[in-house]
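Here's the structure, in C-alpha cells; my notes come after.
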Amino acid sequence: MASEEDFYVRCYVGHKGKFGHEFIEFELRPDGLLRYANNSRYKDAKIIRKEMYVEMSVIDEAKSMIQKSGITQESDARWPSPNSIGRQELEVVIGDQHISFVTSKLHRLMDVHDSNDPDGLSAFYFLTGDLRW
C-alpha cells in the first residue's frame, strides 16, 4: 500500500522507424533521483543516459503540476491507441494513487482536439509537455 509521501513519475515518447527504436524517457523518483535517456540512432548516434539528484523543491513542483492538471481523474480508454507513428506513456504514483496512460504519439494540438476525449487528452498533452521542459 502506498503512503501519503509516495511519488514517482515516468514519461516516455518514442517510435520504431528508419533508424530503429528512438525515444526520450525520464523518471523522477521519491528520493530525488532523476533519470533521463535519449536514444536517437540518427547518424549512428549512441544512447544518452544521465542521472542526477534534484532537491525536494523540484519534486514538490512536479507533484503540484500533476495535481493541478487533473490527470489523476482521467482515463485513456478513449484515447488513440499507439500506432506506427509512435507512442507516449505516462506513469504516476502520487500518494495512494498509481495511474498509467498510453496513447499514440501526439505531434500537435489538433491531434488532441480531434480525439474522442479532447478534455482528458488535453490534460495529458499539456502535463507531459510541461514535465519534459
Side-chain angles (χ1 to χ4, degrees):
M1 175 70 88
S3 75
E4 213 32 53
E5 297 302 314
D6 283 348
F7 177 75
Y8 171 82
V9 63
R10 183 184 66 83
C11 190
Y12 165 93
V13 180
H15 70 277
K16 294 179 183 172
K18 181 179 179 180
F19 300 106
H21 183 198
E22 297 183 295
F23 65 89
I24 295 175
E25 180 177 40
F26 78 86
E27 69 177 7
L28 180 57
R29 303 176 73 77
D31 62 355
L33 178 62
L34 175 63
R35 296 174 62 187
Y36 169 84
N38 184 338
N39 190 32
S40 173
R41 302 295 304 189
Y42 181 68
K43 294 189 177 182
D44 292 324
K46 302 292 183 209
I47 191 167
I48 298 167
R49 292 187 189 275
K50 301 289 182 184
E51 289 186 2
M52 64 187 227
Y53 283 91
V54 297
E55 293 188 9
M56 187 53 84
S57 61
V58 174
I59 295 171
D60 290 342
E61 184 60 27
K63 285 181 185 178
S64 176
M65 291 167 62
I66 291 165
Q67 290 167 334
K68 288 178 183 175
S69 75
I71 196 69
T72 59
Q73 306 306 309
E74 300 299 337
S75 167
D76 62 0
R78 299 185 323 155
W79 297 358
S81 295
N83 55 29
S84 61
I85 295 171
R87 69 189 292 128
Q88 288 183 234
E89 300 173 7
L90 176 67
E91 181 181 5
V92 174
V93 174
I94 191 162
D96 62 354
Q97 293 184 299
H98 185 171
I99 55 173
S100 296
F101 300 100
V102 64
T103 189
S104 63
K105 196 169 178 182
L106 303 168
H107 293 282
R108 54 198 174 112
L109 196 51
M110 188 61 72
D111 298 334
V112 173
H113 292 300
D114 290 344
S115 75
N116 292 330
D117 181 15
D119 292 335
L121 201 52
S122 286
F124 176 87
Y125 179 83
F126 288 114
L127 176 61
T128 55
D130 289 347
L131 289 171
R132 284 193 313 244
W133 306 119

Checking side-chain contact (heavy atoms from CB on, under 4.5 Å) for the pair Q73/Q97: CA distance, chi angles, key distance, verdict?
CA-CA 10 Å; Q73 306 306 309; Q97 293 184 299; 4.1 Å; yes

side-chain contact (heavy atoms from CB on, under 4.5 Å) involving V13 - partner list, sequence neighbours excluded:
Q88, K105, R132

Shared ILVMFWY cluster between F23 and V102, side chains joined below 4.5 angstrom?
no

Residues that R10 engages under salt bridge (Lys or Arg N to Asp or Glu O under 4.0 Å), provided they are two or more places apart
E25, E89, E91

Atom pair CD/CG of E61 and L131 - distance to nearest 0.5 Å
9.5 Å

Please determine whether residues F7 and M52 belong to a single hydrophobic cluster, defined as Ile, Leu, Val, Met, Phe, Trp and Tyr linked transitively by side-chain heavy-atom distances below 4.5 Å.
yes

Are F126 and Y12 linked, directly or through intermediate hydrophobic residues, by side-chain heavy-atom contacts shorter than 4.5 Å (ILVMFWY only)?
no

Which atom of K50 lies closest to which atom of I48, heavy atoms considered
CE-CG2, 3.9 Å

CD1-CD distance between I94 and Q67, expressed to the nearest 0.5 angstrom
4.0 Å

Okay, side chain of S64, backbone of D60: is any donor-acceptor separation there less than 3.5 Å?
no

Spell out, yes or no, whether L28 and L33 are grouped together once hydrophobic residues are joined by side-chain heavy atoms under 4.5 Å, including indirect joins.
no

Report whether L121 and I85 are members of the same hydrophobic cluster (ILVMFWY, side-chain heavy atoms less than 4.5 Å apart, transitive linking).
no

Is D76 reaching over with its side chain to a backbone N or O of T103, donor-acceptor style, under 3.5 angstrom?
no

Show the nearest heavy-atom pair for residues A123 and S69, with the distance to one decimal.
CB-O, 3.7 Å

Of all heavy-atom pairs linking P118 and S122, the shortest is O-OG, 2.7 Å

Looking at L90 and C11, what are the two nearest heavy atoms and their distance?
CD1-CB, 4.5 Å

F101 CZ to T72 OG1 distance, which is reported to the nearest 0.5 Å
7.5 Å

When rounded to the nearest 0.5 angstrom, what is the spacing between NE2 in H15 and OG in S84?
10.5 Å

For the student: nearest non-hydrogen atoms of G120 and E74, plus distance
CA-OE1, 3.1 Å

Rounded to the nearest 0.5 Å, how far apart are CD1 of I66 and CD1 of I71?
9.5 Å

Applying ring pair (Phe, Tyr, Trp, His ring centres under 6.0 Å), can you list everything that pairs with F124, at least two apart in sequence or on another chain?
W79

Value rounded to 0.5 Å, distance of CZ in R29 from CG in D6
11.5 Å

